[in-house]
Amino acid sequence: MASILLPRIMEIGAGALSRLPDVLTTLQSRRPLIVTDRMMVELGYVDRVRDVLAPLNIPVEVFADTVPEPTASSITAGVERVRQGDYDAIVALGGGSPIDSAKAIAVMGRHGGNIRDYAFPRQVNEPALPIIAVPTTAGTGSEATRFTIIADDDSDEKLLCVGASFMPVAALVDFELTLSLPARTTADTGIDAMTHAMEAYVSRKANPYSDQQALAAMRLIGPNLRRAYHDGQDREAREGMMLGATLAGVAFCNSSVALVHGMSRPIGAFFHVPHGLSNAMLLPAVTEYSIPSAGARYADCARALGFAGAGDDDGNANRKLLDALVSINQELRVPTPADFGIDRQHFFEVRHTMAEQALASGSPGNNPRVPDAAEIVTLYESLWD
Ligand SMILES: [Fe+2]
């Protein structure tokens with residue numbers, strides 16, 4: 001049996017942002033706080049939201065100080081803002097980092113405390129401010145998940161927080177917001193979405209519902225990832241990636257992510273590698289490691305992504321999957337850890353700590369092949385071969 005959690009309202013397609021006034025009205029919100037980042041202000045996205053909301057004649061306040069790969073201290077000002085204001089909803093506008101920040105602000109602004117108090121394995125289900133998520137990248141899927149990731153300042157650890165409180169009540173999934181994304185962001189976020197769909201499908205928590213969402217996501221992402229990277233104005237590819245990313249979010253929210261994400265978070269925390277990029281660095285090696293325990297499932301992924309055909313047996317399909325993952329990283333110019341500028345000696349010094357943090361997140365335990373700390377260390381080292 002599977003327990004499924006979804007946003008109550010989803011507006012999907014070109015112009016979905018224009019539905020925001022109706023969504024706020026439905027939710028009886030008259031005092032929303034827009035939580036976003038400086039980039040969204042500079043690029044004019046916040047003005048677009050203001051324009052859309054103008055007919056409602058309500059005050060539109062903005063907190064634009066969220067940061068990439070958020071930490072507990074980075075959201076403190078936002079939490080204070082919510083504690084002192086009388087907001088009745090949060091509009092989370094941006095990529096994964098603003099949305100994840102907004103989720104933590106919505107919960108901690110109501111209930112206080114330290115981010116560690118909310119970390120996995122606790123389930124956070126108490127009422128929080130309703131969140132309306134407006135993603136501007138096709139990647140995180142955060143608009144449709146009950147997760148947020150916030151780093152602890154003291155330990156440099158990325159904490160996974162889980163619970164219904166973090167599930168947006170509404171998601172406005174508008175691919176037109178992604179048309180001007182730079183190619184690098186398109187690649188990193190797109191590979192993140194592909195990883196969500198694959199991990200949801202091979203996870204030990206996979207179920208018939210999450211399987212269908214994951215397969216649908218892979219069918220959309222496989223043919224459109226490279227297209228969107230090479231031509232950002234390709235509306236068909238952008239639409240496919242956006243819906244694919246949201247469906248991948250639905251898939252892993254109701255299944256789980258697995259070893260790639262477990263190992264990716266510590267790399268992000270220690271070396272400030274964007275989330276999608278650290279996933280991309282790990283995906284080929286972790287897939288190769290995991291295939292022996294879930295050959296048929298990975299072969300299904302290869303076929304759904306379009307990297308293998310219906311005529312390929314599982315062995316062939318998995319060889320083609322590994323080839324495709326490597327060639328996508330090359331084509332989308334994913335740097336190696338060395339190319340990214342990570343210091344090899346520092347990486348090797350912290351690899352055991354990273355392995356412990358990966359295990360503590362719980363995600364490796366959902367992988368079809370469950371590694372121990374030593375195997376995770378070996379996988380980290382393999383990134384430098
Ligand atoms: Fe992710």
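When a ligand or atom number is given, it counts from 1 through the structure's own listing order.
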Check your understanding: Is the His346 to Phe271 ring centre distance short of 6.0 Å?
Key -> yes
If you take the centroid of each ring, where Trp contributes its six-membered ring, are Phe166 and Phe147 closer together than 6.0 Å? no
Using only N, O or S atoms, tell me which atom of [X] is closest to the Fe ion (ligand 1).
| X | value |
| --- | --- |
| Asp192 | OD1 |
| His275 | NE2 |
| His261 | NE2 |
| His196 | NE2 |

Could Arg344 and Phe348 be counted as a cation-pi pair, given that NZ or CZ must be under 6.0 Å from the ring centre and within 45° of the axis? yes
### Message
Could you check whether Arg235 makes a cation-pi contact with Phe175, meaning its NZ or CZ is under 6.0 Å from the centre of the six-membered ring and within 45° of the ring axis?
### Response
no
